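Here the structure is a predicted model, which means the values were calculated and not measured. This chain uses plain numbering: 1 for the first residue, then up along the sequence.
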Amino acid sequence: MTGRPAAANDTTAITGDDVLAAALGWRDAGTGVALATVVSTWGSAPRLPGAQMAVTADGRFAGSVSGGCVEGAVIEAAQACIGGAPPRLMDFSIGDDQAWAVGLACGGRLEVWVERLD
């Protein structure tokens with residue numbers, strides 16, 4: 001990647017360092033950006049700790065924290081952080097009603113740290 005932001009929400013083509021490059025590109029262009037990072041997993045989890053997703057205020061994103069299971073909830077939290085909410089640790093697990101609502105029915109637990117990228 002050349003350091004410019006992803007043109008679309010193509011999470012299959014953007015991984016690892018490319019997520020950070022997209023986030024920095026958006027930020028440098030004056031767009032509010034938040035970064036979500038998987039900090040821990042237990043049991044069956046679709047992504048490993050360290051997986052990241054960058055999110056803009058208008059809903060563009062690069063990367064993935066769960067392969068699609070919890071991205072919607074993480075995008076909402078990221079947009080809240082961009083809007084001034086404090087950083088937060090999100091916990092999704094099979095016993096959590098929110099996890100069922102967002103589709104994490106694979107029998108694991110996932111913690112995601114969400115913060116504004118300043």
Side-chain angles (χ1 to χ4, degrees):
M1 179 154 198
T2 62
R4 53 189 175 99
N9 295 336
D10 182 1
T11 60
T12 59
I14 300 172
T15 59
D17 292 338
D18 290 342
V19 172
L20 190 53
L24 293 172
W26 285 323
R27 185 202 62 191
D28 293 347
T31 301
V33 180
L35 195 60
T37 304
V38 175
V39 293
S40 62
T41 62
W42 294 267
S44 175
R47 300 295 308 268
L48 297 174
Q52 292 186 307
M53 181 170 69
V55 179
T56 64
D58 64 2
R60 290 175 287 164
F61 65 93
S64 172
V65 293
S66 74
C69 296
V70 301
E71 265 72 5
V74 172
I75 288 170
E76 286 180 18
Q79 290 174 314
C81 285
I82 293 166
R88 68 182 278 202
L89 182 64
M90 302 182 76
D91 183 3
F92 301 97
S93 66
I94 195 64
D96 182 357
D97 289 339
Q98 183 182 20
W100 279 103
V102 297
L104 187 63
C106 52
R109 182 174 175 193
L110 177 70
E111 286 185 331
V112 179
W113 178 251
V114 182
E115 62 188 330
R116 182 180 170 93
L117 182 63
D118 291 319

Check your understanding: Can you tell me how far CH2 of W113 sits from CE of M90, rounded to the nearest 0.5 angstrom?
Key -> 12.0 Å
Review point. Under 3.5 Å, side chain of Q52 to main-chain N/O of A36, donor-acceptor pair present?
Key: no
Check your understanding: So, for A78 and V55, which heavy atoms are closest and what is the spacing to 0.1 Å?
Key -> CB-CB, 3.7 Å
Review point. Is there a side-chain contact between R47 and T41, using heavy atoms and a 4.5 Å cut-off?
Key: no
Review point. Looking only at heavy atoms, which two atoms of P87 and E115 are closest? And how far apart?
Key: CB-CB, 4.0 Å
Study note, to complete from the structure: On a heavy-atom basis, the closest approach of S66 and L110 is CB-CD2, 3.8 Å
**Study point:** Name of the residue among V114, L24, V19 meeting side chain to side chain contact (heavy atoms under 4.5 Å, CB included) with L35
**Key:** V19
Check your understanding: Which residue, I75, V112, T37, forms the side chain to side chain contact (heavy atoms under 4.5 Å, CB included) with M53?
Key -> I75
Revision key, fill the gap. Note: S40 and E111 closest approach over all heavy atoms is OG-OE1, 2.6 Å
Review point. When rounded to the nearest 0.5 angstrom, what is the spacing between OG1 in T31 and CG in L117?
Key: 11.5 Å
Review point. Could you give all pairs that pass the salt bridge (Lys or Arg N to Asp or Glu O under 4.0 Å) test and reach residues 48-59, with sequence neighbours left out?
Key: D58-R60
Point to revise | Closest non-hydrogen atom pair, V65 against E71 | key: N-OE2, 2.8 Å
Review point. Which heavy atom of I82 sits nearest a heavy atom of T56, and at what distance?
Key: CD1-C, 3.6 Å
Review point. Is there side-chain contact between V38 and L48, with at least one heavy-atom pair below 4.5 Å?
Key: no
